[in-house]
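Taking it in order: structure first as structure tokens, then the write-up.
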Amino acid sequence: MAKNLVIVESPAKAKTIEKYMGKDFKVLASMGHVRDLPKSDFGIEVNGGVQISYVPIARAQAKKAVSAIKSAMKDAETVWLAPDPDREGEAIAWHVAELIKLPKEKSRRVTFNEITKRAVTEAFENPRDIDMNLVDAQQARRAVDRIVGYRLSPLLWRTVGPNLSAGRVQSAALLLVVQREREIRAFVAQEFWDVTANLATKDGGQFDASYPVGEKNKFELPDEGGAAALVERVRPGPWTVAQVRRNERRRKPPAPFKTSTLQQIASSKLSYPTWKTMQMAQRLYEAGHITYMRTDSINLSNDALGEIGRVIEGEYGKEFHEVRKFTTKSKGAQEAHEAIRPSSVARLPSDLAGVVDPDQLKLYEMIWQRTVASQMAEAVYDATSVDIESNGVMFRATGQTLKFEGYLKVYLARGDDEPEELDRMLPELAEGDVLDLRELTPEQHFTQPPPRFTEATIVKEMEAVGIGRPSTYAPTVRTLIDREYVTSESRRLFPTPRGEVVTEQLEAHFPEVVDLNFTARMEEELDEIAIGQKQLAPVVRDFFLSFTAHLEEQKDKMTRPERPTDLTCPDCGRPVVKKFGKHGLWFLSCSGWPECKWSKQLDAEGNPLPDPVGTGEKCPECGNELVAKSGRFGPFVGCSNYPGCKYIKKDPPKETGETCPECGNALVEKRGRFGPFTGCSNYPECKYIKKKPKKTPAKKTTKKKTTKKKTTAPKKG
């Protein structure tokens, strides 16, 4: 048996590491987390101190993995705990050690930012103990989130709807989306006009100049009348070049990727949702192609800088290389010590074609380009600005030409809500030149509301206000979508009625949960625990006591949302109110409920649904008319006396022409919770279900082995 047992989180990571280890090493995967807080119990006890209870994860994969680890540990002299180099990885290492009862003298903790032979070898040469400060920071995060979710979610179930959840980070992120929607609804568009003059030089060169000049002056022409008057004033000319300004502009390359910027650019450039970006990056990391992908750092190691420089000089020339060091500006930056970069920049994107799947290759290429660009020279432009005067009115034309590509030879990406840059060429112009007017075009515009967030820009905003950390951005966004608090349409995030109601309830009764400053301060406290400046117990205890006291004070005040309307009930004449239904939509209801049961469903936009249409049929249960309705599962026919009678007409099952082999009745097509199937029409007396024929597996084809041509790294310059 192997003398050394190495434990990582995933089989892919285990496979990569195993390539670098000798025969004395066995590498096993824990299959992620092995312990968690209990599902059916709070799991946190606060008396004098804080006691957090954990139970083994019941998932079959996890059980099997732990069993294999326990078995292999018996014969191993040393157990190397090698989960990821962040708080979550440190916590996994500690949970594994605790669960398998690993003696401290037998265990070693190793971390590496990239899964390469050099990095793995160095890590095993410099082991350490488990860092309990990092573990406690992760435990504190889990405990605080548990306190909010476990205690607050039941109130949402009672007042808003079933299966809802509140969370310290997710509720603050949801507030950002809801606040942006409120801004858009409250926005009042303002009209403004501009005038574009198409001008020509004596030798026929054409270009456009505009009035008014500058963003600050855009309301100079507030209406069509003002624009028309200006056109009449300037049309006669002469159009004379008043001033020409030329200057050189330089554009610096962006920093290498960190988690948030990787998610943002992958969204705008590749249209990847945040979860997919992190999934692809995880696979690239575990295969040894990139460094660790959950990081706040934009730093590059000296070894990486040297290799990047050699590649740039070899591929593009020495004039394109410029060594740059970046420092992280964001407050509380933590996690791994390096930016996201290729493990070896000498491994060109073309070298991975056919090695990784196409989506991973696109992400790798983007990471490679951004990393290389960060160490390249600035792009240099010649910028020209020309003022043209006609009858005392100044128009302006601008343009720029690229003198030296610099880093743009490798990388150019634009953020989701950044305007596209114009690269307009201007003809040769000099002061005093008289131009010919070809066309004058007045154009109406309206100011636009702020854009709705995309997954990329919500991550950017979360980072800017300090809520969440690299490991939580993507899961938070996905939770908002999965819980139907927001929807993603054309990549833009819209709050659902449910999301808005949850936010309103929390703002009214638990403002600290959606307070961005509170959430950011808690993140800072977790950072302080991670570096040993604060202890887990006081942070969790103080939060628990203050939150529990507030919960007790508010729990009876939190009721199902209800809004007044100016309508009256058609049945009894009492006022009609707007109530929020358990299925996530508003509906109109008589304020005299339950004495008067009149109600009317509203759609997602808050408009009344059309009245049910009578079918002329009688309800077999109560004799009232059956009507065609629409519910959350689509159109159906039901009793008009609902909710007094809940009869719903079911379409007769379609016969297949076959007979049941067990009772002789007809077989019919049915639909169950697992989809369509064929079964006996005599159900439930006969429970026969026809089995679907098994698919014949496709014949395997053997491919000829081909010798892959070895790709060498670019030569030194």
Side-chain angles (χ1 to χ4, degrees), residues 3-10 13-14 17 21 25-37 43-44 49-57 62 65-66 68-70 72-74 76-115 119-144 285-286 292 294-295 334-338 469-471 525-540:
K3 295 178 182 178
N4 296 276
L5 174 63
V6 183
I7 301 171
V8 296
E9 307 98 309
S10 73
K13 188 174 176 181
I17 291 174
M21 314 308 293
F25 286 81
K26 183 180 181 66
V27 186
L28 293 177
S30 69
M31 309 307 291
H33 288 272
V34 295
R35 294 199 309 179
D36 198 4
L37 292 163
I44 301 170
V50 173
Q51 184 69 37
I52 304 175
S53 301
Y54 296 101
V55 296
I57 287 176
V66 170
I69 290 169
K70 284 181 177 178
M73 181 186 73
K74 294 175 185 175
E77 293 177 5
T78 305
V79 177
W80 305 81
L81 302 167
D84 290 341
D86 59 8
R87 298 175 193 174
E88 191 171 8
E90 205 72 20
I92 289 175
W94 177 72
H95 280 301
V96 168
E98 291 288 302
L99 186 59
I100 66 175
K101 295 182 171 56
L102 177 63
K104 190 174 181 181
E105 64 276 6
K106 195 175 178 178
S107 74
R108 297 287 184 276
R109 172 74 169 122
V110 290
T111 59
F112 27 82
N113 192 46
E114 58 188 75
I115 308 177
V120 171
T121 302
E122 283 181 10
F124 277 81
E125 288 172 354
N126 299 281
R128 60 171 172 81
D129 291 333
I130 291 173
D131 187 336
M132 287 308 298
N133 288 333
L134 294 178
V135 174
D136 284 350
Q138 184 66 20
Q139 288 196 92
R141 174 184 289 281
R142 190 76 182 89
V144 168
Y285 165 69
E286 290 177 346
Y292 193 54
R294 284 191 281 271
T295 174
Q334 44 88 20
E335 308 295 1
H337 302 296
E338 265 201 273
R469 284 296 182 261
S471 59
E525 287 196 87
L526 296 176
D527 293 343
E528 288 166 351
I529 294 173
I531 58 177
Q533 290 183 354
K534 285 194 174 180
Q535 301 299 309
L536 175 151
V539 171
V540 174

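What you see below is based on every heavy atom in this structure, not just the backbone, and it leaves out hydrogens, waters and symmetry mates.
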Smallest separation among heavy atoms of I100 and I7, with atom names: CD1-CD1, 4.4 Å

From CA spacing to verdict: side chain to side chain contact (heavy atoms under 4.5 Å, CB included), H33, Y54: CA-CA 11 Å; H33 288 272; Y54 296 101; over 6 Å; no

Worked check of side chain to side chain contact (heavy atoms under 4.5 Å, CB included) between E338 and Y292: CA-CA 8 Å; E338 265 201 273; Y292 193 54; over 6 Å; no

M73 side, atom CE; K101 side, atom NZ - distance, nearest 0.5 Å: 9.5 Å

Sequence-distant partners of A143, side chain to side chain contact (heavy atoms under 4.5 Å, CB included), two or more places apart: I44, I52, V540

Shortest non-hydrogen separation from A140 to L536 and the atoms involved: N-CD1, 3.9 Å

Minimum-distance pair of heavy atoms, taken over all atoms of E77 and K106: O-CG, 3.2 Å

Exam field: side chain E9 to backbone G89, donor-acceptor pair closer than 3.5 Å: no

Partner set under side chain to side chain contact (heavy atoms under 4.5 Å, CB included) for R109, not counting sequence neighbours: L81, P83, E90, A93, T111, R128, I130

Minimum heavy-atom distance W80-P127, with the two atoms named: CZ3-CB, 3.8 Å

F124 and M21, any side-chain heavy atoms less than 4.5 Å apart: yes

Any side-chain heavy-atom pair of D527 and R469 under 4.5 Å: yes

Salt bridge (Lys or Arg N to Asp or Glu O under 4.0 Å) against R108, all qualifying residues, sequence neighbours excluded: none

Any side-chain heavy-atom pair of I92 and Q138 under 4.5 Å: no

Under 3.5 Å donor-acceptor, K26 side chain and A76 backbone: no

Evaluation steps, side chain to side chain contact (heavy atoms under 4.5 Å, CB included), between I529 and R141: CA-CA 10 Å; I529 294 173; R141 174 184 289 281; over 6 Å; no

Rounded distance (nearest 0.5 Å) linking atom CD of Q139 with atom CG of L37: 9.0 Å

L102 side chain reached by V96 side chain, heavy atoms, under 4.5 Å: no

Residues which pass salt bridge (Lys or Arg N to Asp or Glu O under 4.0 Å) with E122, listed by chain and number, not counting sequence neighbours: R118

Non-neighbouring partners of N133 that pass side chain to side chain contact (heavy atoms under 4.5 Å, CB included), sequence neighbours left out: D131

Close side-chain approach of I115 to V120, heavy-atom, < 4.5 Å: yes

Residue pair L526 / A137: nearest heavy atoms and the distance that separates them: O-CB, 3.5 Å

Minimal non-hydrogen separation, E114 against Y285, with atom names: CA-CE1, 4.3 Å

Donor-acceptor pair between E286 and S10 side chains, under 3.5 angstrom: yes

Side chains of P56 and V66 in contact at under 4.5 Å (non-hydrogen atoms): no

Spacing of F112 atom CZ and N126 atom CG [to the nearest 0.5 Å]: 13.0 Å

Partners passing side chain to side chain contact (heavy atoms under 4.5 Å, CB included) against E528 (at least two apart in sequence or in another chain): E525, Q533, K534

